[in-house]
Student: 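My questions all concern the structure below.
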There are 2 protein chains.
Amino acid sequence: MDSDLSIAVLGLLSLRPLSGYSVRKIFLTTAWKSFSSSPGAIYPALNRLEAAGLSKGSVEKGETLRPRKIYALTKKGESTLKQYLAKPVTREDIIWRLNSIPLRFAFMGTHLEKERVLDFLTGLTTELNAYVDSLVAENKSLENEMPFCSQAAFRLGLENLRTHVRWAQKTYNELKDKKEI
Amino acid sequence: MDSDLSIAVLGLLSLRPLSGYSVRKIFLTTAWKSFSSSPGAIYPALNRLEAAGLSKGSVEKGETLRPRKIYALTKKGESTLKQYLAKPVTREDIIWRLNSIPLRFAFMGTHLEKERVLDFLTGLTTELNAYVDSLVAENKSLENEMPFCSQAAFRLGLENLRTHVRWAQKTYNELKDKKEI
DNA sequence: TGCAGCATGTAACCTGTTACATGATTAG
DNA sequence: CTAATCATGTAACAGGTTACATGCTGCA
C-alpha cells in the first residue's frame, strides 16, 4: 500500500477528487511522467486505496454499464498521507527511495505546517551529508584500482546526492522567510 | 531479463566470476547499495541469466549437499552486455530509468571503445537537454498556480537532470584526452 | 561443542508491465 | 455513421520483498 504510485495517487486525490482517467492524464502530461500511467497500474492502485478505506469512489451516472467513478480521500486517507509526509528521512530512504523525496515534498505545503516542512529539510540535509561522507570514506581505498568509467559513475551518484543537499538548503532558506506556503 | 538488477549482475560477472554470495556482499558493502542484496532477488536473477545462456555456473566441491556455485559470463552474455551498453540513451531511459545511467556507464570502459563511450555521453547530453527544455516549456504556464512546495519539488527534478548534463560534459572532456580507459 | 558467519535457496505475496477487451461520447 | 477520444477494466506474466529454511566452516 506504500508504493510510490499509491502515494502519488493519494497526494493527487488530496488536492481534489479525480477519476482514474484524470490521474492517468496527469501522469502522462505533466512533470509526474515517471509514474506509470498504464491502466493496469492506476485502476488496481485506486481499488487498493479504496479497499484500505483511504479513498471513496462515487459513481457519476450510475445507470450505465461502464460508470465513471470519481475518487476522493477519506479522513483516514488524509491522516495516512499526513503521517507519511511527516516521517523523517532515513538513510534507507536515501539509498532505496531517493526518487520519492520530491514526491513527498510536493504535497507537504498543503498538509504540514511550515515548521514541519523546515524540519524535514533539515533532517534530509543531515542524512544526505552523513551518507555522502560515508560513501566517500568507503571508496577512498578502492579509488585507485577502479577503472575510469566506474569512478565516473560513482562521482555521478555523489553529485546527485550533493544536488539534493544544495536544493534542500536553498529551499530551506526560501521557505523560512515565507509567510504562507 | 533486463531489470537493473540483472544488468548489474551481468556487469559484475563480466569483471570476474562470482558466487551469489559475493554478488550479495558487493551490493551490501560498496557504492552499489541501491541494488537488492536479498537472496530472494539475487539467486533467481543468477538462475535467469544462466537459463538464458548468458552465464554458466560451475560447482566448486560438488560432493556436498549445498554446493558453492561460481558464475561466469558466457560469450553470449558478454555480447548481450556489450549490446545493452552500446544502445543510445532515449527519452524513455531518462524518464523511467535515470538510475540505470550510472550503472551502464560503470561497465562501459571495460567493454566499449573510447569512441563509443564518447558517443554515449554526447547522446546523453543531447537527450537530457531536450527533455529539460520540454519540461520547462510544459511548466511555464502552470508555474504561477503551483504551491511553493510543488514548485520546489519540480525544481529538484530539474536540478537532478542538469547535474547529469554537467557530469556528462565534464566526463566527456576528461575522457577525450585520455589514452587508455 | 556451539556459535558466528559463510552460503544457498524457496514460497507467499505484492505490484507494475504488456496486451487485450469493452463501452460511452463527441466531432466531422 | 464512424472514427477518435474518453474511460474503465482484466489476465498473464515478471521480478522484487519478506520471511523462512537449511547446510557448511572455522574458531574459541
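Naming: A, B, ... by sequence-line order, numbering from 1 per chain.
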Student: Using a 4.0 Å heavy-atom cut-off across all strands, classify Ser38(B) as base, sugar-phosphate, or nothing.
Tutor: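 The residue Ser38(B) makes base contact.
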Student: Which residue, Lys25(B) or Pro39(A), contacts DNA chain C at a nucleotide closer to its 5' end, judged by nearest heavy atom?
Tutor: Lys25(B)
Student: Can you tell me the distance, in whole Å, between the CG atom of Asp2(A) and the P atom of dT18(D)?
Tutor: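 Nearest whole value for this atom pair: 10 Å.
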Student: Measure CD/Glu50(B) against C1'/dG9(C) and give the value in whole Å, please.
Tutor: 14 Å
Student: With a 3.5 Å distance limit and no angle check, can you tell me whether Ser37(A) reaches the backbone of Phe27(A) through a side-chain donor-acceptor pair?
Tutor: no
Student: Report yes if at least one side-chain N or O of Tyr43(A) is closer than 4.0 Å to OP1 or OP2 of dT8(D); otherwise report no.
Tutor: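 Yes, such a contact exists.
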Student: Base, sugar-phosphate, or nothing: which does Ser19(B) touch, judged by heavy atoms less than 4.0 Å apart?
Tutor: sugar-phosphate
Student: Determine, for Lys170(B) against Glu174(B), whether the closest basic-nitrogen to carboxylate-oxygen distance falls under 4.0 angstrom.
Tutor: yes
Student: When all nucleic acid strands are considered with a 4.0 Å heavy-atom cut-off, which category describes Ile42(B): base, sugar-phosphate, or nothing?
Tutor: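 Since no nucleic acid heavy atom lies under 4.0 Å of Ile42(B), the category is nothing.
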Student: What is the distance, rounded to the nearest whole Å, between atom CZ of Arg68(B) and atom C1' of dA7(C)?
Tutor: 8 Å
Student: OP1, OP2 of dG15(D) versus side-chain N and O of Ser6(B): anything below 4.0 Å?
Tutor: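 No, Ser6(B) has no side-chain N/O under 4.0 Å of OP1/OP2 on dG15(D).
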Student: Please state how far atom CG in Asn47(A) lies from atom P in dC14(C), giving the value in whole angstrom units.
Tutor: 15 Å
Student: In terms of side-chain geometry, is the basic nitrogen of Arg162(B) or Glu159(B) positioned less than 4.0 Å from the acidic oxygen of its partner?
Tutor: yes
Student: Whole Å only: how far is the CG atom of Leu28(B) from the P atom of dT8(C)?
Tutor: 14 Å
Student: In whole angstroms, how far is the C1' atom of dG16(C) from the CG atom of Asp4(A)?
Tutor: 12 Å
Student: Taking only residues at least two apart or on different chains, which pairs with a member in residues 26-35 of chain A satisfy side chain to side chain donor-acceptor pair (under 3.5 Å)?
Tutor: Lys33(A)-Glu138(B)
Student: Taking 4.0 Å as the cut-off, does a side-chain nitrogen or oxygen of Tyr21(B) come that near to OP1 or OP2 on dT8(C)?
Tutor: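 Answer is no, no contact under 4.0 Å.
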Student: Taking the nucleotide of DNA chain C with the nearest heavy atom to each, does Trp96(B) or Tyr71(B) sit closer to the 5' end?
Tutor: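 Per heavy-atom nearest nucleotide, the more 5' residue is Tyr71(B).
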Student: Any Lys/Arg nitrogen of Arg104(B) or Asp93(B) sitting under 4.0 Å from an Asp/Glu carboxylate oxygen of the other?
Tutor: yes
Student: Just to be sure I understand the rule, does Arg24(A) reach a base, reach only the sugar-phosphate, or reach nothing, if contact means heavy atoms closer than 4.0 Å?
Tutor: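 Here Arg24(A) touches the bases of the nucleic acid.
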Student: Whole angstroms only, please: what is the CD-P distance between Glu92(B) and dT17(C)?
Tutor: 13 Å
Student: Are Ser3(B) and dA14(D) close enough that a side-chain N or O sits under 4.0 Å from OP1 or OP2?
Tutor: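 For dA14(D), OP1/OP2 do not have a side-chain N/O of Ser3(B) under 4.0 Å.
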Student: Nearest whole angstrom, please: distance from the C1' of dG16(C) to the CZ of Phe27(A).
Tutor: 13 Å
Student: Looking for any heavy atom pair under 4.0 Å, which part of the strands does Gly20(B) touch: base, sugar-phosphate only, or nothing?
Tutor: sugar-phosphate
Student: Kindly say if Arg48(A) contacts the phosphate of dG16(C), meaning a side-chain N or O under 4.0 Å from OP1 or OP2.
Tutor: yes
